[in-house]
Trainee: 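Got a structure for you, written out below as structure tokens; questions coming shortly.
In what follows, chains are A, B, ... by sequence order, proteins preceding strands, each numbered from 1.
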Amino acid sequence: MTNDEKLYPFDRIESKWQKFWRSKGLFKVDTADYKDKYYCLMMFPYPSAALHVGHGRNYIIGDVVARYKMMRGFNVLTPMGFDAFGLPAENAAIKGGIHPEESTLNNIKTMKRQLDQWGVEYDWDRVVISCLPDYYKWTQWIFTKLYEEGLAYKKKAFVNWCPSCKTVLANEQVVDGACERCDSGVLQKDLEQWFFKITDYAGRLLKDLDKLPNWPERVKAMQKNWIGRSEGVEIDFKIDGLPDRLKCYTTRIDTIYGATFIALAPEHPLVEKLISGSKEAAAALKLIEKMRAESKISRADAEVAKEGVFTGRFVINPVNNEKVPIWISNYILMEYGTGAIMAVPAHDQRDFEFAKEYKLPIKVVIDDPKNPIDAGTMKEAHVGEGIMTNSGQFDGMRSEDAIEKIADYFEKNKLGKRSVQYRLRDWLISRQRYWGAPIPIIYCDKCGAIAVPGKELPVLLPKDVEFRPTGESPLKFSDKFVNTKCPKCHGPARRETDTMDTFVDSSWYYLRYITPKLEDRPFDTELVNRWLPVDQYIGGVEHAILHLLYSRFITKFLFDIKMTGFDEPFKNLFTQGMIIKDGAKMSKSKGNVVSPDKLISDYGADTVRLYTLFIGPPEKDAEWSDRGAEGSYRFLGRVWRLVEKVNSSELKVDSKKTTMTKEELSLRRKTHLTIKKVTEDLDGGFHFNTAISSIMELVNETHDLLAGGSVNDSLRQKTLDEAVEAVVMLLSPFVPHIAEELWHILGKPNSIFKMRWPEYDRSAIVEDVVTMVVQVNGRLRSRIEVPADIKEDGLKENVLADPKIKEITGGKTIKNFIIVPKKLVNIVIG
RNA sequence: GCUGGAGUGGUGGAAUGGCAUACACGAUGGUCUCAAAAACCAUUAAGCGCAAGCUUGUGAGGGUUCGACUCCCUCCUCCAGCACCA
């Protein structure tokens, strides 16, 4: 495209103003000045090769918010950083031979260039890069604090293992039980792993969601599901002929009389003891071994057939002293509850299926009086509520009431106790990978596992390590790294060789931006308390659970150890929708990636920004259309020509005209209505699409007035000037380059972003004459123009005098006459 | 199954009790041009009608109301998250 073909010289002005803003330090913030602070934060990205227009939505939205808040007089902090540790860089290194650090830092350079091109401005002096020692030193420090508090611990756990890649995989990298990259079936390996005890915070993480009214409902719902609180009773069963007790957790204590067997997870610690001495012990053991070997992922699938084996033992049901057989089955998970359940086939579908398979008794204890249930013929479990039956003293009660009564009975007679269970598991944070922050633990034969003391941090990630995937931590093979001295006894000791999950890095970065260069602490508590919680957090909904839950956990932990004075990090959260192309999420493998580079060179960054914002409500997914983007480009060309035309009109002579014409009054009104609308759209939420369409309407009306006649008096010129100035101002957060240029073309000083956001004039939007809609029986029949302050009697008279209305209502009785002032009249006739 | 969200022209969408389809994309016709692009003007929910206009219409069916895309009830469909969680 040649210069002549451009609708306006975007290429020249965009680079010019980007340089200008950077040289003036538009978003440089002095954190000591926290009066009217506004912390606008976008989720920091993983530094991948290149951004596409879908990624851009996040940064564009954030930039609009930051620029708008600045014009509203806030001291805006808007920093950016990079979540720079992680598997992709390491995999690329294995494949291409480039060191992860080198490729990561290169990617960061590319991404920074792309962000600059979009006209997205940050306080780059505060950049946080999580793979650099000055940052991960403090990630390690937080680990040691958690360790001191007993919230970081090590235990054996099953991890995902890809036999073909010879590596451990994160849960997120396992798709339908197979390796995300090579599709091999994932196995389970029992290894020593590090965990954070997030389950200690489950209750608070759930309850405090109520403190977040400005988080999207769907995000809170996802977190609630993930934490998964349930209330029930833990029953303490006596085992017949053994001194041990067996604990079972149930949410349906009302069905206790219907328990016809007990089921244990194959991993349950009592399994060996229970089967020993049984006739079929050997055969049982074989089946148990088989179930244990099945991958956790396939076992957790409801489609997998239920299998089990009888232990030969019984428990005593405390409510009726019946002997209940103990079985072992693959459908019981050791990780939830107590790993043992009381099975009630009549009222639980899974128990029902198992009972059918192994011909175990089914006993109905909750009945539906209208539709009596028969154990012999029932096709599926009756899981709903009903009336208690076959339940001794509780017969006849409603099952909902019986839950409380039986729980009371259990507690009174010390047969069990009420208990709350969470689905949430502890956070497995160790990775047998190279490209992450080393876990700062030292093992000494004499002193045990010891956290690396603060003054010895960071534990530097060595650069000369062979990191081909063998399934073991690459750091294990670096003697230089492994061999160290015990911080306590100074004897020979070994370092932990696992690295931390990158979600640990990203769970506290928003605190670091306030004092990014602090060397003796992770952050300055006093300043952080001034600037946080974050006023607006913006990011993708894909982080609704993990990142946001982990960040909330770490914030609460830091609050508990008095490092911060707040226990929720993000006051307002906005999650933007994805940008779709050809019906699918943009991805290199699908080949449907829209690159911003070509679009920016053809139409300019402002066009890409405007279209991204105009495409639809930002919280919803949207389909990218190149034609739609061209439409945004044409609009900007139209604005450019309009401003030039209004600005260059020379006929600013005074004429005798002292009152505005109808059209001029209308435009002035539209100007102020638009200021009102755009301001409300920005304050009341993220309604960028409607804000932009209202500006388009103002541009259209301004254009019409200009086209409707020559500019030949100062009153008309004034009206047009006012409209055009409002257009430029209101557009500025969305399309900053063209707005800044037009601002200067209009002869205004400084930067438009140092100006105050316009306020609308109430007097300009009141109307003397209004058009009212006239309905008869709710159907639109006519419109009339009446003075805005018309009284009811006058209005009635006017309406009934209208020829169309006269025709319809003539001779009929008017039953009701409804008036919505300045808007509508509805006449109800018989 | 549970939880959250959505369903409106050819398309993206607007309207949260008061003119349904703003704004834009696309389409059709026209002006300008040697021509094209751009720009500008007009039309663009469906049906009936020469027309003024009339009728129907916001996933389906009921209800509340003078009046319902909007509120209530019963469904259907789609999207997302979780799911053998006892």
Side-chain angles (χ1 to χ4, degrees), chain A residues 1 4-7 216-230 232 248-252 255 263 265 299-306 329-333 335-344 347-351 353-354 383 421-425 541-542 544-545 577-578 610-611 614-617 619-635 637-638 641 687 689-697 699-700 703 707 771-783 804 815-829:
Chain A
M1 196 181 273
D4 298 341
E5 286 169 319
K6 285 179 181 138
L7 298 181
E217 219 37 64
R218 61 171 165 166
V219 172
K220 286 192 280 186
M222 279 190 243
Q223 293 214 350
K224 267 179 207 155
N225 282 339
W226 190 260
I227 296 167
R229 184 179 195 274
S230 81
C248 291
Y249 174 76
T250 182
T251 53
R252 292 297 303 274
T255 63
R299 228 180 75 199
D301 188 343
E303 303 301 312
V304 169
K306 291 177 175 49
S329 176
N330 59 344
Y331 79 97
I332 309 303
L333 308 170
E335 299 84 0
Y336 188 76
T338 60
I341 61 147
M342 64 163 206
V344 185
H347 305 291
D348 182 282
Q349 188 58 27
R350 298 154 297 184
D351 301 346
E353 286 165 24
F354 191 85
V383 295
Q421 290 290 330
Y422 295 96
R423 214 192 59 99
L424 184 70
R425 305 286 149 78
V541 75
E542 66 274 17
I545 300 175
M578 263 189 317
L610 188 69
Y611 179 62
F614 185 62
I615 194 166
E619 68 279 10
K620 295 215 304 200
D621 289 352
E623 170 82 28
W624 182 271
S625 143
D626 288 334
R627 306 302 293 265
E630 281 173 40
S632 293
Y633 176 57
R634 285 202 295 269
F635 170 71
R638 206 164 137 90
R641 289 192 305 277
H687 307 298
N689 53 329
T690 50
I692 290 164
S693 62
S694 69
I695 301 170
M696 287 173 170
E697 286 179 44
V699 168
N700 290 345
H703 179 270
T771 303
M772 288 181 73
V773 165
V774 183
Q775 297 181 337
V776 178
N777 288 347
R779 286 176 181 282
L780 173 69
R781 293 299 176 187
S782 186
R783 275 168 235 268
K804 285 178 201 156
K815 285 186 178 168
N816 207 347
F817 198 94
I818 290 136
I819 298 168
V820 182
K822 295 181 192 180
K823 273 190 179 160
L824 172 143
V825 167
N826 189 15
I827 305 166
V828 186
I829 56 172

Trainee: Below 4.0 angstrom from OP1 or OP2 of B:A83, is there any side-chain N or O of A:R423?
Mentor: yes
Trainee: May I ask you to verify whether the side chain of A:K815 and the base of B:C66 hold a donor-acceptor pair under 3.5 Å?
Mentor: no
Trainee: So what's B:G17 paired with, Watson-Crick or G-U wobble, going by both distances under 3.5 Å?
Mentor: none
Trainee: How far does OH of A:Y249 sit from CD of A:Q421, to the nearest 0.5 angstrom?
Mentor: 5.0 Å
Trainee: Does B:A24 have OP1 or OP2 sitting under 4.0 Å from an N or O in the side chain of A:N700?
Mentor: yes
Trainee: In whole angstrom, give me the gap between the P atoms of B:C71 and B:A80.
Mentor: 25 Å
Trainee: Mind checking the C1' distance from B:U77 to B:U65? Whole angstroms is fine.
Mentor: 29 Å
Trainee: For B:U31, give the paired nucleotide (Watson-Crick: N1-N3 plus N6-O4 or O6-N4; G-U: N1-O2 and O6-N3; both under 3.5 Å), or none.
Mentor: B:A39
Trainee: NA contact type, A:G631, heavy-atom cut-off 4.0 Å: base, sugar-phosphate, or nothing?
Mentor: sugar-phosphate
Trainee: Is there a donor on the side chain of A:N225 or the base of B:C82 sitting less than 3.5 Å from an acceptor on the other?
Mentor: no
Trainee: As a test of reading the structure: which of B:G18, B:A20, B:C84 is closest to the side chain of A:N826, going by heavy atoms?
Mentor: B:G18
Trainee: Could you give the CZ-to-C1' distance, from A:R218 to B:C82, as a whole number of Å?
Mentor: 15 Å
Trainee: Strictly by Watson-Crick or wobble contacts shorter than 3.5 Å, is anything paired with B:C82, and which nucleotide is it?
Mentor: B:G1
Trainee: Using a heavy-atom cut-off of 4.0 Å across all strands, would you classify A:V828 as base, sugar-phosphate, or nothing?
Mentor: sugar-phosphate
Trainee: For A:S693 and for A:K804, find the nucleotide of RNA chain B with the closest heavy atom, then tell me which residue's nucleotide is more 5'.
Mentor: A:S693
Trainee: Have a look at A:K220 and tell me which of A:R218, A:E217, A:Q223, A:M222 forms a side-chain contact (heavy atoms from CB on, under 4.5 Å) with it.
Mentor: A:E217
Trainee: Heavy atoms under 4.0 Å, any strand shown: does A:P216 hit a base, just sugar-phosphate, or nothing?
Mentor: nothing
Trainee: Please give me the minimum heavy-atom distance between A:N777 and A:V828, naming the atom from each residue.
Mentor: OD1-CA, 3.3 Å
Trainee: Rounded to whole angstrom, note down the P distance from B:A20 over to B:G26.
Mentor: 28 Å
Trainee: Would a distance-only check, ignoring hydrogens and angles, find a side-chain to backbone donor-acceptor pair under 3.5 Å from A:Y611 to A:Y633?
Mentor: no
Trainee: Relative to the 5' end of RNA chain B, which residue comes earlier, A:I341 or A:P617, by the nucleotide with the nearest heavy atom?
Mentor: A:P617
Trainee: Counting only Watson-Crick pairs (N1-N3 plus N6-O4 or O6-N4) and G-U wobbles (N1-O2, O6-N3), all under 3.5 Å, who is the partner of B:U58?
Mentor: none
Trainee: Between B:C41 and B:G7, how far apart are the two P atoms, rounded to whole Å?
Mentor: 33 Å
Trainee: Answer with yes or no whether the side chains of A:R423 and A:N225 bring together a donor and an acceptor at under 3.5 Å.
Mentor: no
Trainee: Write down the partner of B:C69 under the Watson-Crick or G-U wobble criteria, each distance required to be under 3.5 Å.
Mentor: none
Trainee: Measuring only the P atom in each nucleotide, how far is B:G17 from B:A6? A whole number of Å is fine.
Mentor: 15 Å
Trainee: Provide the Watson-Crick or G-U wobble partner of B:C23, both distances under 3.5 Å; none if there is no partner.
Mentor: B:G12
Trainee: Out of B:A24, B:G81, B:A86, which nucleotide sits closest to the side chain of A:M696?
Mentor: B:A24
Trainee: When both hydrogen-bonding distances must be under 3.5 Å and the geometry is Watson-Crick or G-U wobble, what is B:C48 paired with, if anything?
Mentor: B:G53
Trainee: Can you tell me the distance, in whole Å, between the CD atom of A:E630 and the P atom of B:U11?
Mentor: 21 Å
Trainee: With a 3.5 angstrom cut-off on both distances, give the Watson-Crick or G-U wobble partner of B:U77, or none if there isn't one.
Mentor: B:A6
Trainee: Scan A:H703 against the nucleic acid and name what it touches under 4.0 Å (heavy atoms): base, sugar-phosphate only, or nothing.
Mentor: sugar-phosphate
Trainee: Using atom C1' of each nucleotide, how far apart are B:U74 and B:A24 to the nearest Å?
Mentor: 38 Å
Trainee: Measuring from atom CE of A:M578 to atom CD of A:E542, what distance do you get when rounded to the nearest 0.5 angstrom?
Mentor: 8.0 Å
Trainee: Given atom CH2 of A:W624 and atom C1' of B:A24, what is their separation to the nearest angstrom?
Mentor: 14 Å
Trainee: For A:Y336 and A:R425: C-alpha separation, side-chain torsions, deciding distance, then whether side chain to side chain contact (heavy atoms under 4.5 Å, CB included) applies.
Mentor: CA-CA 9 Å; A:Y336 188 76; A:R425 305 286 149 78; 3.9 Å; yes
Trainee: So, is A:R627 close to the B:A24 phosphate, meaning a side-chain N or O under 4.0 Å from OP1 or OP2?
Mentor: no
Trainee: Would you please confirm or rule out a distance under 4.0 Å between OP1 or OP2 of B:C54 and any side-chain N or O of A:R781?
Mentor: yes
Trainee: To the nearest angstrom, how far is A:Q421 atom CD from B:A86 atom P?
Mentor: 9 Å
Trainee: Verify the contact: side-chain N or O of A:R779 to OP1 or OP2 of B:G57, cut-off strictly under 4.0 Å; return yes or no.
Mentor: no
Trainee: Return the nearest nucleotide to the side chain of A:K620; candidates are B:G13, B:G18, B:C19.
Mentor: B:G13
Trainee: Which whole-number value in Å describes the distance from A:E217 CD to B:U3 P?
Mentor: 13 Å
Trainee: Calculate the interatomic distance between A:D621 atom CG and B:G81 atom C1'; express it in whole Å.
Mentor: 13 Å
Trainee: Within 45° of the ring axis of A:Y331 and under 6.0 Å from its six-membered ring centre, is that where the NZ or CZ of A:K306 lies?
Mentor: yes
Trainee: Just the rounded figure in Å: distance from P of B:A14 to CD1 of A:I615.
Mentor: 12 Å
Trainee: Using OP1 and OP2 only, check whether a side-chain N or O of A:Y336 sits under 4.0 Å from B:A86.
Mentor: yes
Trainee: Verify the contact: side-chain N or O of A:S230 to OP1 or OP2 of B:A86, cut-off strictly under 4.0 Å; return yes or no.
Mentor: yes
Trainee: Specify the glycosidic conformation (syn or anti) of B:G9, with syn defined as within 90° of 0.
Mentor: syn
Trainee: Checking all strands, does A:D348 fall into the base, sugar-phosphate, or nothing category for heavy-atom contacts under 4.0 angstrom?
Mentor: nothing
Trainee: Mind checking A:I695 for me? I need base, sugar-phosphate or nothing, with any heavy atom below 4.0 Å counting as a touch.
Mentor: nothing
Trainee: With rounding to whole Å, what would you report as the distance between B:C78 and B:U33 at their C1' atoms?
Mentor: 49 Å
Trainee: Tell me: CZ of A:F614 to C1' of B:G12, nearest whole Å?
Mentor: 9 Å
Trainee: Report the distance from atom CZ of A:R252 to atom CG of A:D351, rounding to the nearest 0.5 Å.
Mentor: 11.5 Å
Trainee: For the P atoms, the ones on B:C19 and on B:U64, what distance do you get once it is rounded to whole angstrom?
Mentor: 22 Å
Trainee: Output yes when at least one side-chain N/O atom of A:N689 is less than 4.0 Å from OP1 or OP2 of B:A14, else no.
Mentor: yes
